Amino acid sequence: PHVRSFHHHFHTCRVQGAWPLLDNDFLFVQATSSPVAWGANATTTRKLTIIFKNMQECIDQKVYQAEVDNLPAAFEDGSINGGDRPGGSSLSIQTADPGSHVQIQAAYIGTTIIIRQTAGQLSFSIKVAEEVARAFSAEQDLQLCVGGCPPSQRLSRSERNRRGAITIDTARQLCKEGLPVEDAYFHSCVFDVLISGDPNFTVAAQTALEDARAFLPDLEKLHLFPSDAGVPLASAAFP
Amino acid sequence: CKILRCNAEYVSSTLSLRRGGSPGALRGGGGRAGGVGSSGLCRALRSYALCTRRTARTCRGDLAFHSAVHGIEDLMIQHNCSRSGSGPARSSGPPAPDPCDYEGRFSRLHGRPPGFLHCASFGD
């Protein structure tokens with residue numbers, strides 16, 4: 001998957017298996033990814049697990065799990081809020097498009113999470129209070145949202161240089177329709193469409209940009225360009 | 001019977017509300033809550049009462065449980081706590097900040113809204 005971190009790293013990562021996106025005193029988020037095709041370096045997220053840790057007067061501990069083709073609009077115990085405590089309603093879950101979209105509002109920690117399914121993969125997007133995102137100890141130092149992907153997990157330029165069934169010009173045209181600015185999201189889109197051969201992958205990058213527009217406090221940082229470390233130079237990588 | 005767990009949760013939730021008062025835990029007998037803000041105490045007592053109700057079935061006949069239930073009753077009367085979600089009948093002053101509304105609490109505490117961060121993972 002492509003990972004945009006809190007500090008505007010933008011990496012295209014392998015991260016096969018289960019990797020922590022977030023691991024702090026309030027939240028634990030884990031993404032499980034697998035290769036898009038046998039032997040491929042590119043992987044895609046098939047499962048997301050989110051643990052909302054219990055908070056004295058607000059919520060009981062709640063677990064949310066989504067997998068491709070199973071995006072429930074409820075927590076694992078079937079509830080849709082934080083439980084019976086006085087502040088239980090400060091955690092809620094709803095959907096605007098059953099099976100494709102889930103939004104979790106965690107007002108007790110100033111956090112909003114959106115999970116989407118497009119083209120057979122899961123996307124994760126979060127807006128979290130800065131103080132909450134920083135509430136972790138030295139042992140919780142592997143968080144893709146904090147430091148981006150470890151160098152060993154980033155796809156190198158040559159590894160990204162794999163041709164799919166669609167030509168680069170076709171991929172660029174498909175992506176350009178929904179992503180007129182040729183930024184990191186555009187390059188991710190071209191990369192995804194090339195690698196998967198599936199035009200539906202354009203939606204993943206488009207909705208990720210929409211979420212960034214909604215969640216970023218400073219829209220100056222909305223568009224990241226290939227000069228930033230680790231951005232998939234899909235168009236440049238495929239001369 | 002999980003009454004000891006209820007007691008522990010009550011003590012930990014009122015520790016942050018205390019101002020140097022002695023721990024007024026309801027361990028096995030009607031305790032006294034030392035130096036605790038009333039609205040915060042009312043909320044902690046409601047949580048405590050809820051906890052005892054949830055473990056009531058398995059604590060029948062347990063002295064610690066019955067003492068705790070009576071102790072909670074006494075403290076709620078003593079501090080004029082309401083049974084529903086609001087704190088004691090307040091004569092004046094701004095409403096207590098909702099501990100489960102992060103943004104409201106942060107703004108009240110710092111005089112400015114909190115900062116936010118964004119992260120995303122998508123595609124392949």
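Order of the sequence lines fixes the chain letters, A, B, ..., with proteins taken first and strands second; residue numbering starts at 1 for each chain. The structure presented is a predicted model; accordingly, all values stated were derived computationally and were not measured.
- With a 4.5 angstrom heavy-atom cutoff, A119(A) does not touch chain B via any of its atoms.
- Only the side chain of F201(A) comes within contact range of chain B, with at least one heavy atom under 4.5 Å from a heavy atom of that chain.
- Proximity to chain B (any heavy atom under 4.5 Å) is restricted, for L21(A), to the side chain, taken from C-beta onward.
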Dump the table of donor-acceptor contacts under 3.5 Å between chain B and chain A, or return none if there are none.
from: R43(B); atom 1: NE; to: E57(A); atom 2: OE1; distance (Å): 3.3
from: C100(B); atom 1: O; to: Y108(A); atom 2: N; distance (Å): 3.3
from: Y102(B); atom 1: N; to: A107(A); atom 2: O; distance (Å): 3.0
from: Y102(B); atom 1: OH; to: E131(A); atom 2: OE1; distance (Å): 2.3
from: G115(B); atom 1: O; to: E130(A); atom 2: N; distance (Å): 2.8
from: L117(B); atom 1: N; to: V128(A); atom 2: O; distance (Å): 2.8
from: L117(B); atom 1: O; to: V128(A); atom 2: N; distance (Å): 2.9
from: H118(B); atom 1: ND1; to: I126(A); atom 2: O; distance (Å): 3.0
from: C119(B); atom 1: N; to: I126(A); atom 2: O; distance (Å): 3.1
from: C119(B); atom 1: O; to: I126(A); atom 2: N; distance (Å): 2.9
from: A120(B); atom 1: N; to: R4(A); atom 2: O; distance (Å): 3.0
from: A120(B); atom 1: O; to: R4(A); atom 2: N; distance (Å): 2.8
from: S121(B); atom 1: N; to: F124(A); atom 2: O; distance (Å): 2.8
from: S121(B); atom 1: O; to: F124(A); atom 2: N; distance (Å): 2.8
from: F122(B); atom 1: N; to: H2(A); atom 2: O; distance (Å): 3.0
from: F122(B); atom 1: O; to: H2(A); atom 2: N; distance (Å): 2.7
from: G123(B); atom 1: N; to: Q121(A); atom 2: OE1; distance (Å): 2.9
from: D124(B); atom 1: N; to: D192(A); atom 2: OD1; distance (Å): 3.3
from: D124(B); atom 1: N; to: D192(A); atom 2: OD2; distance (Å): 3.4
from: D124(B); atom 1: O; to: H2(A); atom 2: NE2; distance (Å): 3.0

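- Legend: residues meeting side-chain contact (heavy atoms from CB on, under 4.5 Å) with A133(A), ordered by chain and number and at least two apart, are F6(A), V128(A), L117(B).
- Qualifying ring pair (Phe, Tyr, Trp, His ring centres under 6.0 Å) partners for F26(A), counting only residues two or more places apart in sequence or in other chains: none.
- One finds the SG atom of C119(B) at 10.5 Å from the CG atom of L216(A) (value rounded to the nearest 0.5 Å).
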